[in-house]
There are 2 protein chains.
Amino acid sequence: MKKTKKKIFHDFVTRKGLKSTRQRDVILDVFLSSERHMSIEELYLKLRAKHPNIGYATVYRTLKLFAESGIAREIQFGDGQTRYEHVAEGEHHDHLVCTRCGAIEEFENETIEKLQDEVAASHGFIIETHKLELYGQCAKCRKQ
Amino acid sequence: MKKTKKKIFHDFVTRKGLKSTRQRDVILDVFLSSERHMSIEELYLKLRAKHPNIGYATVYRTLKLFAESGIAREIQFGDGQTRYEHVAEGEHHDHLVCTRCGAIEEFENETIEKLQDEVAASHGFIIETHKLELYGQCAKCRKQ
DNA sequence: GCCATGTTTGAAAGTGATATTCATTAACAT
DNA sequence: ATGTTAATGAATATCACTTTCAAACATGGC
Ligand SMILES: [Mn+2]
Ligand SMILES: [Mn+2]
Ligand SMILES: [Zn+2]
Ligand SMILES: [Zn+2]
């Protein structure tokens with residue numbers, strides 16, 4: 001049985017001796033009910049609609065905690081904004097990014113991952129993480 | 001016969017109706033005589049040694065022009081600094097980045113590139129550019 | 001519950017990289 | 001040589017975050 005993200009985060013908070021606060025709960029709810037790849041500002045604006053008194057700094061700090069706890073991953077698509085996406089346990093994927101409309105699609109490719117390891121090995125490297133992003137025109141934008 | 005980077009940049013400047021200035025020449029010389037993957041600040045410091053009166057803003061502006069002209073490529077390794085690397089015509093490579101010492105190695109892998117196109121095609125995308133970076137420990141750092 | 005303690009919060013100020021402004025200077029066409 | 005336009009550099013602004021700090025809150029022990 002899989003632990004929910006709420007449970008994972010709560011356990012993380014307890015284990016680290018942190019406190020469970022109303023703000024963290026609310027931010028987690030908004031994050032979990034949002035589409036993937038949200039920028040911090042998007043999340044903040046969505047949050048502010050219902051909770052106008054939660055500060056920007058708290059959102060930043062809390063998203064960092066989400067990443068640390070393993071329920072979120074920080075991503076940068078080169079537009080100067082940090083985004084956070086949901087992380088499912090044991091899952092990994094890379095991204096296709098439309099340079100016109102900004103649409104983001106996800107993909108997994110085992111063969112590419114294997115080849116990356118081979119490349120790294122041939123240079124004496126051991127990979128810890130990697131970043132693979134394909135930028136181009138999505139199907140929709142191509143037809144317009 | 002290959003055009004030199006100086007020639008390429010000069011042609012670009014002419015074609016765009018820009019002006020050929022002492023500063024641009026000097027910055028180009030320093031860039032061309034530098035190792036790959038230099039941060040803007042590194043370049044500026046190197047430049048300042050011999051040309052203390054060239055402004056930071058001019059360096060930023062000129063490097064952007066280099067990228068636009070095709071002789072340089074902007075890269076981000078996630079350390080918050082933009083780097084510029086030399087671009088050889090028709091050549092492409094990706095990067096291995098050591099998370100300990102910052103060493104950067106380059107590689108090319110035709111198979112990975114092909115698979116990327118296939119992935120993109122299967123999502124209806126047409127790739128314009130891509131970014132593949134492998135982060136981990138280099139051979140040297142692993143032995144320490 | 002109530003208190004003591006350490007943590008978290010939000011507003012404001014700070015930071016660091018990059019971009020812009022604007023008066024002055026320099027390049028190029030005529 | 002002169003006029004036109006672009007480029008420069010110092011200063012200032014911007015943008016995305018990060019830090020600071022006093023006040024508010026969460027939690028464990030009584
Ligand atoms: Mn994703
Ligand atoms: Mn390179
Ligand atoms: Zn699109
Ligand atoms: Zn190393």
Side-chain angles (χ1 to χ4, degrees), chain A residues 6 9-31 37-69 72-84 102, chain B residues 9-31 37-69 72-84:
Chain A
K6 278 196 183 186
F9 183 65
H10 186 258
D11 289 355
F12 168 83
V13 162
T14 307
R15 177 158 33 87
K16 287 265 184 178
L18 307 175
K19 286 174 179 170
S20 177
T21 67
R22 202 184 59 79
Q23 287 89 334
R24 286 175 178 165
D25 289 348
V26 168
I27 295 171
L28 182 53
D29 280 340
V30 172
F31 176 67
H37 319 119
M38 275 208 123
S39 74
I40 302 178
E41 182 162 30
E42 281 164 359
L43 226 145
Y44 175 67
L45 291 176
K46 186 170 173 190
L47 183 75
R48 209 176 51 173
K50 291 216 168 180
H51 305 271
N53 38 356
I54 291 184
Y56 221 120
T58 302
V59 177
Y60 270 88
R61 291 187 276 232
T62 305
L63 286 172
K64 277 205 180 310
L65 285 181
F66 291 173
E68 215 186 318
S69 78
R73 181 162 66 127
E74 216 175 290
I75 38 178
Q76 314 256 153
F77 290 133
D79 63 349
Q81 302 240 128
T82 299
R83 285 161 195 283
Y84 283 86
Chain B
F9 183 63
H10 185 258
D11 288 356
F12 169 82
V13 163
T14 307
R15 178 159 32 87
K16 285 266 183 177
L18 307 176
K19 288 172 180 173
S20 177
T21 68
R22 203 184 60 79
Q23 287 88 336
R24 286 175 179 166
D25 288 347
V26 168
I27 296 171
L28 182 52
D29 280 340
V30 171
F31 176 66
H37 319 118
M38 274 207 124
S39 73
I40 301 178
E41 182 163 29
E42 280 163 1
L43 226 145
Y44 175 68
L45 292 176
K46 187 170 172 189
L47 183 74
R48 209 176 50 173
K50 292 216 168 184
H51 305 273
N53 37 359
I54 291 184
Y56 221 120
T58 302
V59 176
Y60 270 90
R61 291 188 277 230
T62 305
L63 286 172
K64 279 207 179 309
L65 285 181
F66 291 172
E68 215 186 318
S69 78
R73 180 161 68 128
E74 216 176 291
I75 37 179
Q76 313 257 157
F77 290 134
D79 62 350
Q81 302 241 126
T82 300
R83 285 160 197 282
Y84 283 87

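Lettering of chains follows the sequences in order, A, B, ..., and the numbering in each one begins at 1.
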Considering only nitrogen or oxygen atoms on both sides, find all protein atoms under 3.5 Å from nucleotides 1-3 of chain C and state each distance.
none

Notebook entry, point to check: Mind checking which nucleotides bracket the chain A contacts on DNA chain D, 5' to 3', with an atom under 4.0 Å from a heavy atom?
Noted result: dA16(D) to dT27(D)
Note to self: If you assign Arg83(B) and Thr21(B) each to the DNA chain C nucleotide with the nearest heavy atom, which residue ends up on the more 5' nucleotide?
What the structure shows: Arg83(B)
Check: In residues 54-61 of chain A, which ones come under 4.0 Å of DNA chain D, going by heavy atoms?
Finding: Ala57(A), Tyr60(A), Arg61(A)
Margin query: Please determine whether a side-chain nitrogen or oxygen atom of Arg24(A) lies at a distance below 4.0 Å from atom OP1 or OP2 of dT8(C).
Written below: yes
Checklist line | Neighbours of DNA chain C within residues 12-19 of chain A, by heavy-atom distance under 4.0 Å | finding: Leu18(A), Lys19(A)
Check: How sharply is the helix from dG1(C)-dC30(D) to dT30(C)-dA1(D) bent, taking the axes over five pairs at either end and rounding to 10 degrees?
Finding: 30°
Item checked: salt bridge (charged side-chain N to carboxylate O under 4.0 Å, His left out): pairs with one or both residues in residues 46-59 of chain A, sequence neighbours excluded -> none
Note to self: My understanding is that only residues two or more places apart in sequence, or in another chain, count here; which of them pass ring pair (Phe, Tyr, Trp, His ring centres under 6.0 Å) with Tyr56(B)?
What the structure shows: Tyr44(B), Tyr60(B)
What donor-acceptor contacts under 3.5 angstrom involve side-chain atoms of residues 72-82 of chain A, with partners at least two apart or in another chain?
unit_1   : atom_1 : unit_2   : atom_2 : d
Arg73(A) : NE     : Glu85(A) : OE2    : 3.0
Arg73(A) : NH2    : Glu85(A) : OE2    : 2.7
Arg73(A) : NH2    : His93(A) : O      : 3.2
Glu74(A) : OE1    : Tyr84(A) : OH     : 3.2
Gln76(A) : OE1    : Thr82(A) : OG1    : 3.0
Asp79(A) : OD1    : Gln81(A) : N      : 3.1
Asp79(A) : OD2    : Arg83(A) : NH2    : 3.1
Gln81(A) : NE2    : Ser39(A) : OG     : 3.3

Notebook entry, point to check: Just how far, in rounded Å, is P of dT9(C) from CG of Asp25(A)?
Noted result: 10 Å
Margin query: I need the Leu63(B) CG to Thr58(B) OG1 distance, nearest 0.5 Å.
Written below: 10.5 Å
Note to self: Nearest whole Å is fine: how far is dA11(C) P from Gln23(A) CD?
What the structure shows: 11 Å
What pairs of donor and acceptor atoms, side-chain ones from residues 12-27 of chain B against any protein atom, are under 3.5 angstrom apart with sequence neighbours left out?
unit_1   : atom_1 : unit_2   : atom_2 : d
Thr14(B) : OG1    : His10(B) : O      : 2.9
Lys16(B) : NZ     : Glu68(B) : OE2    : 3.4
Thr21(B) : OG1    : Arg24(B) : N      : 3.2
Arg24(B) : NH1    : Lys19(B) : O      : 2.7

Next item on the list: Check each residue of residues 38-49 of chain A for a non-hydrogen atom within less than 4.0 Å of any atom in DNA chain C, then write out the ones that pass by number, or none.
Entry: none
Item checked: Atom pair CG/CZ of Leu28(B) and Phe31(B) - distance to nearest 0.5 Å -> 8.0 Å
Check: Under the side chain to side chain contact (heavy atoms under 4.5 Å, CB included) test, which residues partner Asp29(B), sequence neighbours left out?
Finding: Lys6(B)
